[in-house]
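See structure below.
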Number of protein chains: 2
Amino acid sequence: MSGHESAVSRLRAQGYRMTPQRLSVLDIVARRTGHVGADEVWNLAREEHPYVDLATIYRTLQWLKGLGVVTEVIIGNKLHFEMADHHNPHNHMVCSVCDGVQTLTPDYLAEFSQRLEQEFGFSPNLDNITIGGMCNQCRAVT
Amino acid sequence: MSGHESAVSRLRAQGYRMTPQRLSVLDIVARRTGHVGADEVWNLAREEHPYVDLATIYRTLQWLKGLGVVTEVIIGNKLHFEMADHHNPHNHMVCSVCDGVQTLTPDYLAEFSQRLEQEFGFSPNLDNITIGGMCNQCRAVT
DNA sequence: TCCGTTAATGCAAAAATTTGCGCCAGCAAA
DNA sequence: TTTGCTGGCGCAAATTTTTGCATTAACGGA
């Protein structure tokens, strides 16, 4: 266990059942510095619980994402996840050439977000947004 | 044919082979006002060319997207496409509750884009970005 | 018009993700 | 501790999208 006990107790307090599968997924994502692929979470989870199903991994990850506990990053057509750091929230820029990931503080998106809210009444959910493009190095090569 | 001849001749001039499949996909997307799902493009294309493969549809759509001819919109876990309107470019906001789509002129994203470029040397490709969130009506209901 | 090059297709399979359903187990209350 | 409710899980299948490979056909040049 590495510092996600608060998340666990908060979830339990909200009435969610904390199954071994969920604890395992949470533990795996929390342990990792940086993002993990869904398949990778599955493989690691199976070391502890050999019977755990991939569908459960996906369902758990989507659930945690919806609750703001984890953040989704799309890297080359695959979903990755990392612990949402509420003390240091950030978005991601992913280079489509090298799949490199850079982070971005949300204030870069703040004005944009506010305008959508004010002018359209649309509440964007930008927590899990991934900005695609080309990074500095890859652009230099071309 | 409905006004995408210029795209066709431009593509041909660039050395791409304009196969019946490609013309068909282009025709289907151009005819439609608004977005089409990949599966829908396939079904329509098969009316003309019964043997056309779904993989070809996907490949063609990705190809056109890369060339800026069509724009991708992600609606509820499915890819949709529409003709890129260079006279009136826009992005999309999709409500995760009702799957409704609203459009957005790119100047809403312009400042954000410039900052990424200037401060990180990262060239974002925002042409095909889909902003998820909740629309006015759905928020009112909740 | 015919030919050669090679890009694009069809086909089949894989990869990635989601969903329906019946059973099981987490957890609160007795 | 036992029980009951029901949310969550495993399983299997479906969906959606991508990929490898052999064959085909677009199109410029002879």
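A, B, ... follow the sequence lines: proteins, then strands. Residue 1 opens every chain.
If you take CG of B/D53 and P of C/dT9, they are 10 Å apart, rounded to a whole angstrom. Separating the CD atom of A/Q62 from the C1' atom of C/dA16 is a distance of 12 Å, rounded to the nearest angstrom. Here D/dT17 presents its P atom at 11 Å from CD1 of B/I75, a figure rounded to the nearest Å. To the nearest angstrom, P of C/dC11 lies 13 Å from CD1 of B/I57. Atom NZ of B/K65 is separated from atom C1' of D/dT18 by 13 Å (rounded to the nearest Å). Look at NE2 on A/H80: it is 10 Å from P on C/dA16, rounded to the nearest Å. The CD atom of B/Q14 sits 14 Å away from the P atom of D/dC27 (whole-angstrom rounding). With rounding to whole Å, B/R46 atom CZ is found 16 Å from C/dT9 atom P.
Nearest heavy atom pair, residue B/R139 against residue A/G121, reads NH2-O, 2.9 Å. Closest approach of B/N128 and B/T71 over heavy atoms only: OD1-CA, 3.2 Å.
Judged purely by atom type and a 3.5 angstrom limit, B/S113 has no side-chain atom pairing as donor or acceptor with the backbone of B/L109.
Taking a cutoff of 4.0 Å between a charged side-chain nitrogen and a carboxylate oxygen, A/E40 and A/K78 do not qualify as a salt bridge.
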The contact string for nucleotides 22-30 of chain C, one letter per nucleotide 5' to 3', using protein heavy atoms under 4.0 Å with B, S and - for base, sugar-phosphate only and none, comes out as ---BBS---
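Between B/L79 and A/T60, the residue anchored nearer the 5' end of DNA chain D, judged by the nucleotide with its closest heavy atom, is A/T60. Toward the 5' end of DNA chain D, the nearer of the two residues B/K78 and A/L54, judged by each one's closest nucleotide, is A/L54.
Within the 4.0 angstrom heavy-atom criterion, no nucleotide atom of any strand lies near A/D39.
Aromatic ring pairs are classed by plane angle as parallel below 30°, tilted from 30° to 60° and perpendicular above 60°; the pair A/Y108 and B/F120 is tilted.
Because its NZ or CZ atom is both nearer than 6.0 Å to the ring centre of B/W42 and within 45° of the ring axis, B/R46 counts as a cation-pi partner of that residue.
Nearest to the side chain of A/R22, among D/dG10, D/dC9, C/dG10, sits D/dC9. Comparing D/dT16, D/dG10, C/dA12 against the side chain of B/A55 picks out C/dA12 as the nearest.
A continuous path of Ile, Leu, Val, Met, Phe, Trp and Tyr side chains, each step under 4.5 Å between heavy atoms, connects A/I57 with A/I74, placing both in one hydrophobic cluster.
Residue-to-nucleotide contacts include a donor-acceptor pair under 3.5 Å from the side chain of A/R59 to the base of D/dG10.
Residue A/Q21 places at least one side-chain N or O under 4.0 Å from the OP1 or OP2 atom of D/dG10. Between A/Y58 and C/dT17 there is a side-chain N or O to OP1 or OP2 distance below 4.0 Å.
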